[in-house]
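A quick write-up on the structure given underneath.
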Amino acid sequence: KGDFHGHQVFRIVPKDDVQLALVRVLEDILDLELDFWRWVTPVDVRVPSHSLQVVKTYLENHCIKYFTMIKDLQALLDEEQRQMKSIA
Amino acid sequence: PAGNTDTFHYTTYHTLSEIYSFQDMLVAENPKLVSKTVIGQSYEGRPLNVLKFSTGGSNRPAIWIDTGIHAREWVTQASGIVFAKKIVTEYGTDSAVTEILNRMDVFLEMVVNPDGYHFTHTNNRMWRKNRKQNRGSTCVGVDLNRNWNAGFGGHGSSNNPCSEIYRGTRAHSEPEVKSIVNFVRSHGNIKAFISIHSYSQMLLFPYGYTRKPAKDQAELDQVAQKAITALASLYGTSYRYGSIITTIYQSSGGSIDWTYNQGIKYSYTFELRDTGHFGFILPANQIVPTANETWLALKVIMDHTFKNPY
């Protein structure tokens, strides 16, 4: 089963179209393995653990506001499974 | 498993087989109102089930609703289950639904992408596309909402099989899409086509692939405003609305652009509730509130379609 330990979801709040374009540049960097959940502002993106530092640094260097919407994706998925099993 | 659709757990997410069982129960319990049509098979051979809600007649004008073209958007498939139950419970008790069903049919495809949905339950909860093996690539899947013959291959889709918005090799290459295309064409009397996604709290209409306004834009805009007002009346959930390209971004090969170009004037797509904390992992206790508020908006669109024949 997919393992999302260490994955976080960032909510990024570009202040204008220039910043939005800078965020979308990240999508083309395949090594980061980013998963854009939502492309409109605010932009939500799932960031694997190996890319967290790179993405944070990039956003901070460009003064793009963001916060961590989901700190531990796997914990949420585990909870979702637990609820489904408990009802079943 | 639930013994009937009254004891079915609407407040939790369900596997594909549970959803298929629900469909069969609903048909068995309401044989004069609900029937099941299999419009095709998915890439991996699963049935593409459509529920037909009809009080009789032949080839009546119809409203199409689909949920779950993107596998991981679980609240959409779950909402589809709630809608199905609402249709049968409100027929005969809600005057608008009763009037509509006395003259029109409703088709509901709860899981457009069953392979992807099954995969989200068994392998990868974050899966979005179908499960097509792409020739010449190790990457799997086509984004079914980029595979329609409406600006196919344009901006806002990708020709890279590894992309989440991979459009496929050609328009309607995917059986999940082609089956709907065939159904819509052979039916020939569908008057509204509503495709439901999650999550961004939006109600959108054509176009996504071009900046050219839809010729019915003023009316579509007006209906959308009325629909989101009805939606907000329940819990105050705020929606944006407008054409896809002006409200979100350019997106080519989408379903409602194709249906609109086929002459289905009332073509809409929803992006359901977003609490701002969970994204695709919307907690199950949000399913019923999400479906309930969306149902109010759906009824506005259905009612407008019913009262404005074309």
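Side chains are part of it too, since the values below use all heavy atoms of this structure and drop only hydrogens, waters and symmetry mates. Sequence lines set the chain letters: A, B, ... in the order given, protein chains first and strands last, and positions in each chain run from 1.
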Please classify the contact between F4(A) and chain B as side chain, backbone, both or neither, with a heavy-atom cut-off of under 4.5 Å. side chain

Which pairs would a plain distance check flag for residues 81-88 of chain A, meaning a side-chain donor or acceptor within less than 3.5 Å of a matching protein atom at least two apart in sequence or in another chain?
from	atom 1	to	atom 2	distance (Å)
R82(A)	NE	E79(A)	OE1	3.0
R82(A)	NH2	E79(A)	OE2	2.8
Q83(A)	NE2	E79(A)	OE2	3.2
S86(A)	OG	Q83(A)	O	2.9

In terms of heavy-atom pairs under 4.5 Å, which option from W127(B), Y199(B), Y13(B), W74(B) contacts chain A the most? Y199(B)

Select one option (side chain, backbone, both, neither) describing which atoms of H277(B) are under 4.5 Å from chain A's heavy atoms. backbone

Are more than 12 heavy atoms from other residues, nucleotides or ligands located less than 6.0 Å from atom NE2 of H155(B)? no

Name the residue from T67(B), D66(B), T76(B) that meets the side-chain hydrogen bond (donor to acceptor under 3.5 Å, both in side chains) definition with S195(B). D66(B)

Hey, which of D35(A), T41(A), D44(A) has the most heavy atom pairs under 4.5 Å with chain B? D35(A)

Is the distance between the ring centroids of F8(B) and Y10(B) under 6.0 Å? yes

With a 4.5 Å cut-off on heavy-atom pairs, point out which of M126(B), E18(B), E164(B), R128(B) contacts chain A the most. M126(B)

Contact class of T122(B) relative to chain A, heavy atoms under 4.5 angstrom: backbone

So, N113(B) versus K129(B): side-chain donor-acceptor pair below 3.5 Å or not? no

